[in-house]
Amino acid sequence: MSNLRVRFAPSPTGYLHIGGARTALFNYLLARKEGGTFVLRIEDTDVERSTQESVDAILQAMEWLGLGYDEGPFYQSERYDLYKSKVAELLGKGLAYKCYCTPEELEAKRQIAMQSGGKPRYDGTCRNRTDQPDAPFVVRFKTPQDGTSSFHDRIKGVISVENSELDDLIIQRTDGNPTYNFVVVVDDAEMAITLVIRGDDHVNNTVRQIPMYHALGYKVPDFAHVPMILGADKKRLSKRHGATSVMAYREMGYLPEAMVNYLVRLGWSFGDEEIFSMDDLIEKFSLDNVGRSAGVFNPDKLLWLNEHYIKTGDPLRLGGLVAEILAGQGVDVTFGPDMTSVVKTLQDRAKTLVEMADGARFYFVAPESYDEQAAAKFLSEDKRDLFELTVKHLEAIDDYSHDNVENAFQAVMQDSGLKFGKIGPSVRVALVGGTVSPSIYDVVAVLGRDRVLSRLQKALASLR
RNA sequence: GUCCCUAUCGUCUAGCCUGGCCCAGGACACCGGCCUUUCACGCCGGCGACGGGGGUUCGAAUCCCCCUGGGGACGCCA
């Protein structure tokens, strides 16, 4: 048992996106690998944007991906007493101060700083003031002004910044609520987090948080900043690059193991290996082979992995998922052919569950009409003898095993003197309504005697 | 603009720490062929990269410096 404690701390202002999911995954994997503890914390200090729906959406997505946590979820909105006492402590120690500058004044100062070619930092106007005006105020943390702040990142190595580049962060708003950069320090420390794994966009925050750990007498945890995920244009991944919500991929027919496998390989590698189950990952994952630079999200590769997992997935499980999709489309599979058999005929030809459902539809719903071009070519009057012969031989067998079906067609070929290429396409159109389907023998075997015969009779009646 | 980070095929990456086994390996995508009752699968083959410039060294993708490109941060958001 290790004493590794990691956490995932999303802010509930939307669904769980690709980037957040990867961060959560890395945390989860390391916790499981090391026998550590995975804490889930909801960072909802932004009252305006945080919603319960978002919390639910995030929880649901994590569950879908299989990322179970050991402690939490803890809500920061329920821990304000703790934060307030810590702000008071800093104020008491003289390590924080009240700032009466208004947002307008600050904005003006930022503009000026930017124009004169500098960094838009707070100038410390209120840092040493001694009066106590009767006016709204925020509390700022006194960031050291001299020297250097640095930390060792488990992925990027040493990162250091001159303190003169930093300014005094607001840790408590005018309304008395604490801000992110403060609560994240308090919580990571109070929850005894030993390793903070988070997005690379927090590197600058981390530098500024280090002095706060010291000021509050906390032990500074280890950090690992994972690189960002970008879109094809190398811009930060966003909606315009396509779906960024993890759950949107479930809707599109993706399997969670494909998503997990894709996510972990974006920025992490293990030699030449591409396929990893969750168990493989728990055994093999390590921060040591996480890359340092941002990566581009590649939907094609995700699709390929999904294809792989569909191909190798358990037909019974896949069948259940496909049945759900079909049910959503009003197709009841209860009285249709055996779903597991149906799935087996489709596993090699579907890239997503949605595609599989589309391909499976005809098994449960007899064609009401035939594809125009297909019918013209394969359901013409001159096929009458062929259909009658086919019906005859298929009526002759009771057990529609693959072998029996194949033998029946062999007989049709014998009697008609035709090659399969002259028979199959017509039967296919009669059975499925179009020209695309799994192998005819499979289709016939899975559909079974009653459905096959009835569909052939119907086609026979429609020859023209 | 300032600061931080980063840099191998179009993309994800191996190799870099511990220079020579690398005229750079794998995967996705793409192109060609084979298989074939349709669509797919599968199999075989191909295209394709060490950003540029200086060093160090007998020798550099690997070490050092500069430039350039890319990303991030600069909020009473997280």
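Residue numbers begin at 1 in each chain, while the letters A, B, ... track the order of the sequences.
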Tell me which nucleotide among [options] gets nearest to the side chain of [X].
| X | options | result |
| --- | --- | --- |
| Glu165(A) | C3(B), G1(B), C28(B) | C3(B) |
| Lys156(A) | A73(B), G10(B), C5(B) | C5(B) |
| Glu274(A) | G26(B), G72(B), U11(B) | G26(B) |
| Glu307(A) | A27(B), C41(B), C76(B) | C41(B) |
| Thr174(A) | C76(B), G70(B), C3(B) | C76(B) |
| Arg349(A) | A40(B), C28(B), G42(B) | A40(B) |
| Asp272(A) | G75(B), G25(B), A78(B) | G25(B) |

**Study point:** Sole candidate of Asp153(A), Asp201(A), Thr23(A), Asn205(A) that passes side chain to side chain donor-acceptor pair (under 3.5 Å) when paired with His225(A)
**Key:** Asp153(A)
With [atom1] as the reference atom in both, quote the distance from [N] to [M] in angstrom, rounded to an integer.
| N | M | atom1 | value |
| --- | --- | --- | --- |
| C66(B) | U56(B) | C1' | 15 Å |
| G70(B) | C31(B) | P | 30 Å |
| G25(B) | G46(B) | P | 11 Å |

Suppose we define a pair by two distances each less than 3.5 Å, Watson-Crick or G-U wobble; what does [N] pair with here?
| N | answer |
| --- | --- |
| C3(B) | G72(B) |
| G20(B) | C58(B) |
| G42(B) | C34(B) |

Review point. Charged N to carboxylate O under 4.0 angstrom, Arg265(A) versus Glu273(A)?
Key: no
